[in-house]
Amino acid sequence: MIDQRFDPKAHEQRVYQRWEEAGCFRPSMDTSAEPYAIMIPPPNVTGSLHMGHALNNTIQDILCRFERMRGKNVRWQPGMDHAGIATQMVVERQLAASGGNQDRRSMGRDAFVEKVWEWKEQSGGTILNQLKRLGASCDWENTKFTLDDDLNVAVNKVFVDLYNEGLIYRAKRLVNWDPHFQTAISNLEVENKEVDGHMWHFKYPLAGGQTYTYVEKDADGNITLQEERDYISIATTRPETMLGDGAVAVHPSDERYAPIVGKLCEIPVGPKQHRRLIPIITDEYPDPDFGSGAVKITGAHDFNDYQVAKRGNIPMYSLMDEKGFMRADGKTYAEEAEIAQRIAEGKEDFDEAKIAAMNLVPDPYRGLDRFEARKAVIADISAEGNAVMVADPKHQDEETEAPLIPLVENKKIMQPFGDRSGVVIEPMLTDQWFVDAETLAKPAIEAVRSGKTKFVPENWDRTYYNWMENIEPWCISRQLWWGHRIPVWYGPNGEVFCAPTAAEAQALAGDGVRLQQDEDVLDTWFSSGLWPFSTQGWPEETDGLKTFYPGATLVTAFDIIFFWVARMMMLGIKFMDGEVPFKDVYIHAIVRDETGKKMSKAEGNVIDPIDLIDGVGVDTLVAKRTANLRQPEKAPKIEKDVRKRYPKGFDAYGADALRFTLAAMATKGRDINLSVDRIAGYRNFGTKLWNATRFAQMNEAKFGVSVEPQSLDLPVNKWIVGELYKCTAAVSEAIEDYRFNDAASAVYHFTWDVLCDWYLELSKPILNGDDVQAQTETQTVLGWVLEQTFVALHPFMPFITEVLWDQTAKRSDFLMQQTWPGLNASFADELAAEELDWVLKTISQIRSVRSDVNVPAGAKVPVSLVGATEETGRRVAAHRDVIMRMARLEKFDLADAAPAGSVKTVVGEATIVLEIADLIDAGEEIARLDKQLGKLGGEITGLEKRLGNDAFVAKAPAEVVAEQRERLTELKSTEAKLSQARDQLASL
RNA sequence: GGUCGAUUAGCUCAGUGGUAGAGCACUGCAUUGACAUUGCAGGGGUCACUAGUUCGAACCUAGUAUCGACCACCA
């Protein structure tokens, strides 16, 4: 006999270990079996499990366990990602926190990287062990890490091949620069956020004191403003970049500035005697209707300006160093400005390198932080009187003329931040390595268009196309130390040798040539992009590669469609002969808290999956939630809320309950608002199954014996195997279609409502009766149906089902190795189904009436059936015992007529008569019947109206019409019987 | 600005053309026999709004309102 209840803590880890030791997670490598592969989205090596991982891996595990049971050769490929920036950040923080003066630069590259490896060894397994707690059936013996030697070989080969094809190149480009990490990052790693900003308006005086007539017109061409100006008005949100301006641009159609196009104007900042003059040019980019219509062009510090500068061959002067400080290198400002002046006047040639070396930051600003420099520039320009002035709006209503103040608009501006560092990203002109993503994207787009890879839900393909069709060159070099070193070596004169190894590079260069390897490492996503084939041994032609590429389904959240899915598509197709890396991409929801807010430590609303599995006291819960708040002052409120919401913390719900909850909530295309109540509900569900099994054991159910539907005798047994068949078919279909919520609810409903609430109750009189044959059949069916339920539930609740399997019979193998129920339609006996439907309805109706008329729960009621057909009579005889037991009856017999004053209800053709006149009040009973008649009447009117509509009868499908006719007949018959009963009562 | 999504019971959500559903919460009743982590019975919804298509609309179409996500962006 199994324990009183299931204790997850006592079993889960033990069961997991047994599976692992028995090799249950390894692919069968059975060549006759269909291969089935899922690549885990490799978690960050230093990460720990959060709710998103829990959902993501629960779904993968459901798929893998399901397909494994269906006989497929399953590899769920596990591993971890070295996560360049994220990991380097963690270790750098540790260095800082350890109090020593060491940072990575003072340590040096080798020592630092060694330190990171130490940290990886120390904490690297955490998340994988947490995945095991969840029950993940990964092929752990094949666990990979993106920095493993064999994966490194793959990375180098991909790089070299792409380089040799010209699809990877090095170039000086404007890139997103993270001044905190001092590295370039890709567009995707930049978060644009709206912040409060300012727009300053400055006057750029025309060279030599020239003037022009500035004319503004309204839409009809009437002149609204006309004045002589000796300047052009420029607006900017980043005044410090003025120092690097190369031109002022206006739209070619802008008549206001036509007189001065081609002339020079002065950047109104810096030492007066070395003011730089820049040309006024035309370009399509400026919007004449925005601001003054004139834009300063700072090619080295703005992406739009960069394009304009490239088109117009405008020099792009870099102003900042890698920390985001104003440059302090190079010649003096006076010297640099003079050269720049000659360039601007076309008197001196320039090239990229020459411009890059020039430092046009005036001496007083050199070495300032970029935001300090901004303040200084504004102050200096304003002091000199070159700010555009307006009347102070504060004084508008006064009689005296309002004083003038500099025009500074407060406005929301979009500012780029590093997604990891949180600092403002600086566009910087630097030498970087790029992948020609546009070329690689083409076949990747086509693969989705042609359906070789499908997104589920399919609307995500729009997102994919949208990004892929507008893809920019992918900056893959990072000025970090933790990652794959770029496989490029430079000769003494900058010659480039790209090769998979240093030795091969040396061979290319020739003996004795001194080579220096590129200092940079690759973007983390470069190696993640190879994951589907690098983990299978590529470039070797391994069995794993042949068998498990392409994979079946990629399971991931939408937020890495661009980062990861798109890159895997591009690189997989490129290097695996045009074959896509996976057939389906299942995009699942983001897990949020109960109120729909994104979980984050900074908000104090994180639910740790392990806390739900193991349980956690309220004090610990409070401590965890208030530990890393963005606004620490909110801690008391959070504490109060948590204590109110979870007075005792979380129970140890176990992994099964968590998994089932996530599956049940994993609907297509909607976020999950996770509620702990629901987890408790599904924990109860496990308990229910557990107790049903206990019941079976107490009644000597036979486990391990299979059942043939043809051999069954009792309708109730025929019925339950039919219901089981319907359930397993629904579950299979739903999982195949990624409708995990439907799959979960089908098996939940079967187990609780059908099996426990009905079948177990229906079986009690048989199991306790003296018909040995019926008893034996029922014991066999009960045991077998439960076993099949374990199987059907196993993908969702692997632990409790495995334990039940193990404890109900002597087993030679694991539940997880069983074959998925291959039940077919022969299990569905329609006659038995109809018969049991009648039994269930009869019991329910009687119970309902009892409750309505307040018959005491314990009272046994005499009931008779009037107007029953022969078939119903047979059913009464066959099921009398169980109906009497479940509806608490004193007798249940056929009768010709009902005694006066009895209470009636209707099932099918017969009237059910509760002979309890003395227990009830005639008036109340009439009222009850009237209420029911009212309901019936409404429905009947609706049906009659519909069926009376010729168009409906003519156009609706025949079966729909027939169905509704049938229903109308049934309702009318019921109505007639009830109204007769009512009239009888009334006439008393 | 572009794209996608949401709006259904008190709460969290299923439901893609044919009798409105689940879990939790709520109400009443029931505690020695699988299970109170329970059972039985019940209350509760103009399916955001408007107009269309259709015999028939929560569902399809168009529009409106509110909320949200992603992408892009005017210096």
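Remember, it's a predicted structure, so these values are computed and weren't measured experimentally. In what follows, every heavy atom counts, from backbone to side chain, and hydrogens, waters and symmetry copies are set aside.
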A.B. asks: What residue among A/Ile381, A/Asn386, A/Ile278 forms side chain to side chain contact (heavy atoms under 4.5 Å, CB included) with A/Ile267?
C.D. replies: A/Ile278
A.B. asks: So which nucleotide from B/C40, B/C35, B/A75 ends up closest to the side chain of A/Asn691?
C.D. replies: B/C35
A.B. asks: Taking only side-chain N and O atoms of A/Lys764, does any of them lie within less than 4.0 angstrom of OP1 or OP2 on B/G33?
C.D. replies: no
A.B. asks: Ignoring the backbone of A/Phe562, work out which of B/A75, B/C71, B/G18 is nearest its side chain.
C.D. replies: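 Closest of the options to the side chain of A/Phe562: B/C71.
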A.B. asks: Verify the neighbour count for atom CD of A/Glu733: are there more than 12 heavy atoms of other residues, nucleotides or ligands below 6.0 Å?
C.D. replies: no
A.B. asks: Could you please name the option among B/A34, B/A14, B/C4 that lies closest to any side-chain atom of A/Asn459?
C.D. replies: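 From the listed options, B/C4 comes nearest.
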A.B. asks: Please determine, by modelled atom types, if A/Asn176 and A/Asn187 share a side-chain donor-acceptor pair under 3.5 angstrom.
C.D. replies: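 Per modelled atom types, A/Asn176 and A/Asn187 side chains form a pair under 3.5 Å.
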A.B. asks: Closer to the 5' end of RNA chain B via nearest nucleotide, is it A/Arg888 or A/Leu760?
C.D. replies: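 This one resolves to A/Arg888.
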A.B. asks: Among B/G23, B/A34, B/C29, which nucleotide sits nearest the side chain of A/Phe695?
C.D. replies: B/A34
A.B. asks: Does the base of B/U3 carry an N or O that pairs as donor and acceptor with the side chain of A/Arg462 under 3.5 Å?
C.D. replies: no
A.B. asks: Kindly write out the residues that satisfy ring pair (Phe, Tyr, Trp, His ring centres under 6.0 Å) with A/Phe563, not counting sequence neighbours, or none if the list is empty.
C.D. replies: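 With neighbours one apart ignored, the set is A/Trp525.
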A.B. asks: Can you confirm whether the side chains of A/Lys296 and A/Thr241 place a donor and an acceptor under 3.5 Å from each other?
C.D. replies: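 Per modelled atom types, A/Lys296 and A/Thr241 side chains form a pair under 3.5 Å.
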A.B. asks: Just wondering, more than 12 heavy atoms not from A/Glu761 lying within 6.0 Å of its CD?
C.D. replies: yes
A.B. asks: Counting only non-hydrogen atoms, which of residues 953-963 of chain A are less than 4.0 Å from RNA chain B?
C.D. replies: A/Lys955, A/Ala956, A/Pro957, A/Val960
A.B. asks: Could you give the distance separating B/U50 and B/A57 at their P atoms, to the nearest angstrom?
C.D. replies: 14 Å
A.B. asks: Taking the same atom, P, in B/U46 and in B/U38, what whole-Å distance lies between them?
C.D. replies: 30 Å
A.B. asks: What is the separation between atom CD on A/Gln697 and atom C1' on B/G33, rounded to the nearest whole Å?
C.D. replies: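 My rounded result for the distance is 16 Å.
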A.B. asks: Using the P atom as the point on both nucleotides, what is the distance between B/A6 and B/A48, in whole Å?
C.D. replies: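 Each nucleotide's P atom is 12 Å from the other's.
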A.B. asks: Paired stems touching RNA chain B, three or more consecutive Watson-Crick or G-U pairs with both distances under 3.5 Å?
C.D. replies: B:1-7 with B:65-71, B:10-13 with B:21-24, B:26-30 with B:38-42, B:48-52 with B:60-64
A.B. asks: Think A/Trp752 has a side-chain N or O under 4.0 angstrom from the OP1 or OP2 of B/G39?
C.D. replies: yes
A.B. asks: Looking only at atom C1', what distance separates B/C73 and B/G21, rounded to whole Å?
C.D. replies: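 That atom pair is separated by 44 Å.
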A.B. asks: Measure the distance from CD on A/Gln4 to P on B/C35 and round it to the nearest whole Å.
C.D. replies: 7 Å
A.B. asks: For the pair A/His11 and A/Phe6, name the ring-plane relationship: parallel under 30°, tilted 30 to 60°, perpendicular over 60°.
C.D. replies: parallel
A.B. asks: Do A/Tyr748 and A/Trp752 have their ring centres less than 6.0 Å from each other?
C.D. replies: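 When the ring centroids of A/Tyr748 and A/Trp752 are compared, they turn out to be within the sub-6.0 Å range.
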A.B. asks: For the side chain of A/Thr687, counting heavy atoms from C-beta on, which of B/U37, B/C71, B/C55 is nearest?
C.D. replies: B/U37
A.B. asks: Taking atom C1' in both B/A9 and B/A25, what distance in whole Å separates the two?
C.D. replies: 11 Å
A.B. asks: Using whole Å, what does the distance between atom P of nucleotide B/U19 and atom CD of A/Glu944 come to?
C.D. replies: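 Rounded to whole Å, this separation is 18 Å.
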A.B. asks: Measuring to OP1 and OP2 of B/G42, would you say a side-chain N or O of A/Ser848 lies under 4.0 angstrom away?
C.D. replies: yes
A.B. asks: In whole angstrom, what separates A/Glu458's CD from B/G5's P?
C.D. replies: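 Going from CD in A/Glu458 over to P in B/G5 covers 10 Å.
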A.B. asks: If you draw a 6.0 Å radius around CD in A/Glu944, do more than 12 non-hydrogen atoms from other residues or ligands fall strictly inside?
C.D. replies: yes
A.B. asks: Could you check which of B/G23, B/C55, B/A72 has an atom nearest any side-chain atom of A/Arg678?
C.D. replies: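 Selected nucleotide (nearest to the side chain): B/G23.
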A.B. asks: To the nearest Å, how far apart are A/Arg847 CZ and B/G39 P?
C.D. replies: 11 Å
A.B. asks: Are any of A/Asn684's side-chain N or O atoms less than 4.0 Å away from OP1 or OP2 of B/U38?
C.D. replies: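 Answer yes for this pair, as a side-chain N or O of A/Asn684 is under 4.0 Å from OP1 or OP2.
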A.B. asks: Side chains of A/His198 and A/Glu409 only: does a donor on one sit below 3.5 Å from an acceptor on the other?
C.D. replies: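 Note: A/His198 and A/Glu409 side chains miss the donor-acceptor criterion.
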A.B. asks: Taking only the side-chain heavy atoms of A/Lys688 (C-beta and beyond), determine which of B/U38, B/A36, B/C55 contains the nearest atom.
C.D. replies: B/U38
A.B. asks: Please give the distance between the P atoms of B/G10 and B/G45 as a whole number of Å.
C.D. replies: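 Each nucleotide's P atom is 7 Å from the other's.
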A.B. asks: Take atom OH of A/Tyr465 and atom P of B/A72, then tell me their distance rounded to the nearest Å.
C.D. replies: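 Nearest whole value for this atom pair: 20 Å.
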